[in-house]
Amino acid sequence: MINRCFNTKKGLLFGILSFLLEIHELNFPKLIMKIATYNVNGVNGRLPVLLRWLEETKPDVVCLQELKAPQDKFPLQAINDAGYEAIWHGQKSWNGVAILARGMEIQELRRGLPGDDDDSPSRYIEASINGMVIGCLYLPNGNPAPGPKFDYKLDWFERFTLHAKQLVEMNLPVVLVGDYNVMPTELDVYKPERWVEDALFRPETRAAFKRVVDQGWTDAIRTLYPEEKIYTFYDYFRNAYGRDAGLRIDHFLLNPALAKRLKRGAVDRHVRGWEKTSDHCPVWIELMEA
DNA sequence: ATGACTGGTGTGACCAGA
């Protein structure tokens with residue numbers, strides 16, 4: 001078979017090319033790094049969906065939000081069996097964030113933001129993976145607004161903004177990814193006029209998001225799709241998914257060192273149509289290796 | 001505009017989500 005293959009010029013060329021590709025693969029195993037974010041809305045209740053999606057799309061790094069599980073109820077064994085290492089910051093009933101990585105070491109840098117109280121909700125975890133800093137966040141919802149919950153959202157945003165300022169200027173690639181609970185512009189809401197009073201879309205919220213971006217961050221998905229309606233969340237109510245009545249609230253912010261490596265990205269919208277699914281869709285980007 | 005779903009908790013006319 002091989003002899004016959006190399007008996008022709010075409011066959012020989014094919015053989016050489018295959019050999020070179022193989023060498024290339026061996027020396028540069030990760031030309032593309034795929035990073036995903038997924039607000040699972042309960043990591044244990046969502047486990048079959050999460051594992052199915054991991055198997056289907058095989059991201060290299062995954063940021064999860066809304067684990068809704070205490071620290072000792074994180075399904076580590078199932079995640080390991082799927083081929084992923086994990087660090088997580090759990091909490092009883094609500095919140096909770098995790099970072100998963102396939103075939104790479106995860107070095108935890110911090111959990112919680114500078115200035116958080118000791119008993120603050122589990123909304124931020126940060127790690128270094130393969131020379132890249134990854135901050136996984138679950139920003140407070142803030143409703144009803146105005147009120148103490150909205151004040152808490154803006155306070156959290158302020159602490160996050162200060163931390164982001166430290167990271168954006170680093171000479172390392174940095175991504176701040178997760179559920180921001182912000183629709184940055186009218187293009188990110190199916191019906192903007194209905195949401196102007198909502199904590200996810202109020203002028204103060206959008207202004208807070210803009211202050212972070214203006215530090216020098218790149219909103220990866222909006223950069224890839226400058227004009228398109230693209231949603232990452234659909235309410236369980238009123239057949240929102242079927243009507244495409246969605247919101248874009250899950251974001252990747254890339255610092256300048258990383259933004260130049262952005263190649264592709266998309267929402268795994270179909271996952272929202274699965275049985276027992278989250279109200280959020282997984283979202284992912286692909287980065288060229290430096 | 002309202003209430004419609006869902007997960008977690010642990011049976012609460014519960015809470016919170018977005």
Side-chain angles (χ1 to χ4, degrees), chain A residues 37-53 64-75 78 88-98 119-124 136-157 160 178-206 208-209 221 229-251 267 269 271-283:
Chain A
T37 183
Y38 190 15
N39 178 323
V40 287
N41 187 15
V43 71
N44 286 302
R46 202 69 59 220
L47 197 54
V49 166
L50 174 62
L51 295 174
R52 178 181 169 189
W53 169 72
L64 301 177
Q65 303 86 32
E66 279 209 81
L67 303 178
K68 290 186 168 178
Q71 190 68 13
D72 62 351
K73 291 283 164 52
F74 183 81
W88 67 99
H89 190 193
Q91 183 186 328
K92 193 182 175 190
S93 304
W94 297 301
N95 310 310
V97 283
D119 59 347
S120 285
S122 302
R123 292 183 176 275
Y124 188 79
C136 170
L137 66 132
Y138 174 47
L139 204 134
N141 175 302
N143 277 307
K149 291 198 169 186
F150 190 57
D151 294 341
Y152 180 74
K153 177 176 194 158
L154 295 180
D155 286 349
W156 203 95
F157 229 135
F160 176 68
D179 179 358
Y180 280 74
N181 270 316
V182 179
M183 295 86 89
T185 73
E186 297 201 342
L187 190 54
D188 302 314
V189 202
Y190 67 98
K191 195 170 268 207
E193 64 274 18
R194 279 211 183 160
W195 289 83
V196 285
E197 299 293 321
D198 191 277
L200 280 68
F201 197 54
R202 291 177 74 91
E204 306 94 309
T205 307
R206 280 184 270 170
F209 185 81
I221 295 295
K229 285 197 305 181
I230 180 161
Y231 301 137
T232 67
F233 168 89
Y234 299 92
D235 212 310
Y236 287 124
F237 308 148
R238 312 177 204 94
N239 188 31
Y241 177 62
R243 296 186 295 120
D244 199 33
L247 311 172
R248 190 176 75 95
I249 55 177
D250 299 273
H251 308 298
V267 177
R269 191 183 182 282
V271 175
R272 183 63 182 79
W274 290 357
E275 287 293 314
K276 299 285 286 178
T277 198
S278 172
D279 40 7
H280 291 251
C281 308
V283 192

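With rounding to whole Å, Gln65(A) atom CD is found 18 Å from dG7(B) atom P. Atoms NZ (Lys73(A)) and P (dG10(B)) sit 10 Å apart, rounded to a whole Å. Across the protein-nucleic acid pair, Gln91(A) atom CD and dG7(B) atom C1' stand 14 Å apart, rounded to whole Å. Straight-line distance from the CG atom of Asn181(A) to the C1' atom of dG17(B): 9 Å, rounded to whole Å. Between Asn95(A) atom CG and dT9(B) atom C1' there is a gap of 15 Å when expressed in whole angstrom units. Per the geometry, CZ belonging to Arg123(A) stands 10 Å off C1' belonging to dG17(B), to the nearest Å. Rounded to whole angstrom, the span from the CG atom of Asn39(A) across to the C1' atom of dG7(B) amounts to 12 Å. The distance from atom CZ of Phe74(A) to atom C1' of dG8(B) is 17 Å, rounded to the nearest whole Å.
In terms of heavy atoms, Asp279(A) sits closest to Tyr236(A) at N-OH, 3.1 Å. Residue His89(A) comes nearest to Tyr124(A) through the heavy atom pair ND1-O, 3.9 Å, listed as atom of the first residue, atom of the second, then distance.
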State the dot-bracket string of DNA chain B. Criteria: Watson-Crick or G-U wobble, both atom distances under 3.5 angstrom; notation: ( ) intrastrand, [ ] crossing earlier pairs, | interstrand, . unpaired.
....((((.....)))).
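For the atom pair CD (Gln91(A)) and CZ (Arg123(A)), the distance works out to 8.0 Å, reported to the nearest 0.5 Å. Put simply, CE on Met183(A) and CH2 on Trp195(A) are 5.0 Å apart, with the number rounded to the nearest 0.5 Å. Tyr138(A) OH to Asp250(A) CG: the interatomic distance, rounded to the nearest 0.5 Å, is 10.5 Å. For the atom pair NE2 (His280(A)) and CG (Leu247(A)), the distance works out to 9.0 Å, reported to the nearest 0.5 Å. Expressed to the nearest 0.5 Å, how far OG1 of Thr232(A) lies from CD1 of Ile221(A) amounts to 9.0 Å. Annotation: the span from Lys153(A) atom NZ to Arg202(A) atom CZ amounts to 10.5 Å, rounded to 0.5 Å.
dT9(B) and dC14(B): their C1' atoms are spaced 8 Å apart (whole Å). Rounded to whole Å, the separation between the C1' atoms of dT11(B) and dG7(B) comes to 15 Å. Comparing the same atom, P, in dG12(B) and in dG17(B) gives a spacing of 23 Å after rounding to whole Å. Straight-line distance between the C1' atoms of dA1(B) and dA13(B): roughly 24 Å, to the nearest whole Å. For the P atom pair drawn from dC15(B) and dG10(B), the interatomic distance equals 14 Å after rounding to whole Å.
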Run the side-chain contact (heavy atoms from CB on, under 4.5 Å) check on Trp88(A) and Val43(A) step by step: do they pass?
CA-CA 11 Å; Trp88(A) 67 99; Val43(A) 71; over 6 Å; no
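No engagement by Asp250(A) is indicated, since no non-hydrogen atom pair under 4.0 Å with the nucleic acid exists. Residue contacts for Tyr234(A): at a heavy-atom cut-off of 4.0 Å it reaches no nucleic acid atom on any strand shown.
Side-chain contact annotation: Asn143(A) with Lys149(A), donor-acceptor N/O pair under 3.5 Å absent.
Phe74(A) is not listed as a side-chain neighbour of Asp72(A), based on a closest heavy-atom distance of 4.5 Å or more.
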Polar atoms only, N or O, under 3.5 Å: list the protein pairs with nucleotides 2-5 of chain B and their distances.
{"residue": "dG3(B)", "atom": "O6", "partner": "Arg238(A)", "partner atom": "NH2", "Å": "2.8"}
{"residue": "dG3(B)", "atom": "N1", "partner": "Arg238(A)", "partner atom": "NE", "Å": "2.7"}
{"residue": "dG3(B)", "atom": "N1", "partner": "Arg238(A)", "partner atom": "NH2", "Å": "2.4"}
{"residue": "dG3(B)", "atom": "N2", "partner": "Arg238(A)", "partner atom": "NE", "Å": "2.3"}
{"residue": "dA4(B)", "atom": "N1", "partner": "Arg238(A)", "partner atom": "NH2", "Å": "3.1"}

Check: protein-nucleotides 14-16 of chain B nitrogen or oxygen pairs below 3.5 Å:
none

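The residue among Arg46(A) and Ile249(A) whose nearest nucleotide of DNA chain B lies closer to the 5′ end is Arg46(A).
Not counting sequence neighbours, the partners of Asp244(A) by the side-chain hydrogen bond (donor to acceptor under 3.5 Å, both in side chains) test are Tyr234(A), Arg269(A). Applying the side-chain hydrogen bond (donor to acceptor under 3.5 Å, both in side chains) test to Asp188(A) and every residue at least two apart in sequence or in another chain returns Thr185(A), Arg222(A), Arg248(A).
Of the candidates Asn181(A), Thr37(A), Asp179(A), Thr37(A) is the only one forming a side chain to side chain donor-acceptor pair (under 3.5 Å) with Gln65(A). Looking at Tyr231(A), Phe233(A), Tyr180(A) one by one, the single match for side chain to side chain contact (heavy atoms under 4.5 Å, CB included) with Ile249(A) turns out to be Phe233(A).
For DNA chain B, the neighbouring residues in residues 273-280 of chain A, judged by any heavy atom under 4.0 Å, are Lys276(A), His280(A).
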